[in-house]
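Quick notes on the structure that follows.
Quick caveat, the model's predicted, so the values are computed rather than measured.
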Amino acid sequence: MIPEWDRRMARIGFILGRPYWGRGYAGECADALTAVAFDHLDLEVVAIDHAEGNERSKRTIESFVDEVGGSYDGLLRNWLAIDGDVADHHRYTIGKEEYRRATES
């Protein structure tokens with residue numbers, strides 16, 4: 001998690017090794033980091049993104065964002081450089097109040 005204090009938001013992300021794919025860990029991580037951002041750091045927005053073409057991450061993030069009341073914000077062109085390649089990323093955000101409404105028991 002990368003807090004951006006002046007913007008009252010955090011960007012979350014994680015990388016799982018191949019043996020851990022498909023076990024639900026990514027969704028659990030996203031939920032836990034989002035809860036920390038809102039409940040303990042008192043931030044207002046959480047952002048999460050995935051690289052263009054990463055269909056596994058796309059499905060996981062879209063499912064998580066739908067469950068917690070977030071939304072798709074759009075495409076960030078040339079957003080992140082990894083191993084010499086620059087990738088476009090799709091960005092999603094969740095607001096604190098949206099999250100609260102969606103996760104109330």
Side-chain angles (χ1 to χ4, degrees):
M1 176 180 344
I2 301 170
E4 297 182 17
W5 301 109
D6 58 329
R7 296 170 56 197
R8 306 217 14 92
M9 69 168 292
R11 290 184 290 130
I12 63 172
F14 35 86
I15 298 171
L16 297 175
R18 187 174 296 268
Y20 305 103
W21 292 2
R23 297 184 181 195
Y25 297 146
E28 290 178 18
C29 287
D31 190 44
L33 291 171
T34 301
V36 167
F38 293 146
D39 297 340
H40 299 286
L41 301 179
D42 196 32
L43 298 174
E44 297 295 326
V45 175
V46 167
I48 187 168
D49 59 82
H50 67 82
E52 176 71 30
N54 186 338
E55 292 302 315
R56 281 180 165 262
S57 289
K58 176 183 178 181
R59 286 191 304 273
T60 298
I61 290 170
E62 286 179 345
S63 176
F64 171 69
V65 168
D66 286 345
E67 286 177 21
V68 297
S71 60
Y72 175 71
D73 293 345
L75 181 66
L76 303 169
R77 300 203 180 271
N78 291 354
W79 183 246
L80 186 62
I82 299 175
D83 297 329
D85 292 322
V86 180
D88 293 344
H89 275 237
H90 293 271
R91 178 183 164 123
Y92 303 77
T93 54
I94 302 111
K96 182 188 258 184
E97 293 309 314
E98 296 163 334
Y99 179 78
R100 294 272 186 261
R101 284 191 298 273
T103 60
E104 285 180 340
S105 300

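The nearest pair of heavy atoms linking S57 to H50 is CB-CB, 3.7 Å. P3 approaches M1 most closely through the heavy-atom pair CD-O, 3.5 Å.
For the atom pair CD1 (I94) and OG1 (T103), the distance works out to 11.0 Å, reported to the nearest 0.5 Å. Once rounded to the nearest 0.5 Å, the distance linking CG of N54 with CD1 of I61 reads 7.5 Å.
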In a table with atom names and distances, give each donor-acceptor pair under 3.5 Å that connects a side chain of residues 35-43 to protein atoms at least two apart or in another chain.
from, atom 1, to, atom 2, distance (Å)
D39, OD1, R100, NH1, 2.8
D39, OD1, R100, NH2, 2.9
D42, OD1, K96, NZ, 2.5

Distance-only criterion, 3.5 Å: show the donor-acceptor pairs between side-chain atoms of residues 23-32 and protein atoms not counting sequence neighbours.
from, atom 1, to, atom 2, distance (Å)
R23, NE, P19, O, 3.3
R23, NH2, P19, O, 3.3
D31, OD1, Y99, OH, 3.4

Indicate every side-chain donor-acceptor pair of residues 63-79 with a distance under 3.5 Å to a residue at least two apart or in another chain.
from, atom 1, to, atom 2, distance (Å)
Y72, OH, H90, ND1, 2.6
D73, OD1, T93, OG1, 3.2
D73, OD2, T93, OG1, 2.9

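Clustering of Ile, Leu, Val, Met, Phe, Trp and Tyr by side-chain heavy atoms under 4.5 Å joins V45 with M9. As a member of the Ile/Leu/Val/Met/Phe/Trp/Tyr network built from side-chain separations under 4.5 Å, V86 groups with nothing else and remains a singleton.
Checked against side chain to side chain donor-acceptor pair (under 3.5 Å), R59 has no partners two or more places apart in sequence or in another chain. For R11, the side chain to side chain donor-acceptor pair (under 3.5 Å) partners two or more places apart in sequence, or in a different chain, are E4. In this structure E44 satisfies the side chain to side chain donor-acceptor pair (under 3.5 Å) test together with R8, sequence neighbours excluded. For D88, the side chain to side chain donor-acceptor pair (under 3.5 Å) test picks out no residue, with sequence neighbours left out.
Each salt bridge (charged side-chain N to carboxylate O under 4.0 Å, His left out) pair with one or both residues in residues 45-58, not counting sequence neighbours, would appear here, but there are none.
For CG of D6, the number of neighbouring non-hydrogen atoms (other residues, nucleotides, ligands) closer than 6.0 Å is greater than 12.
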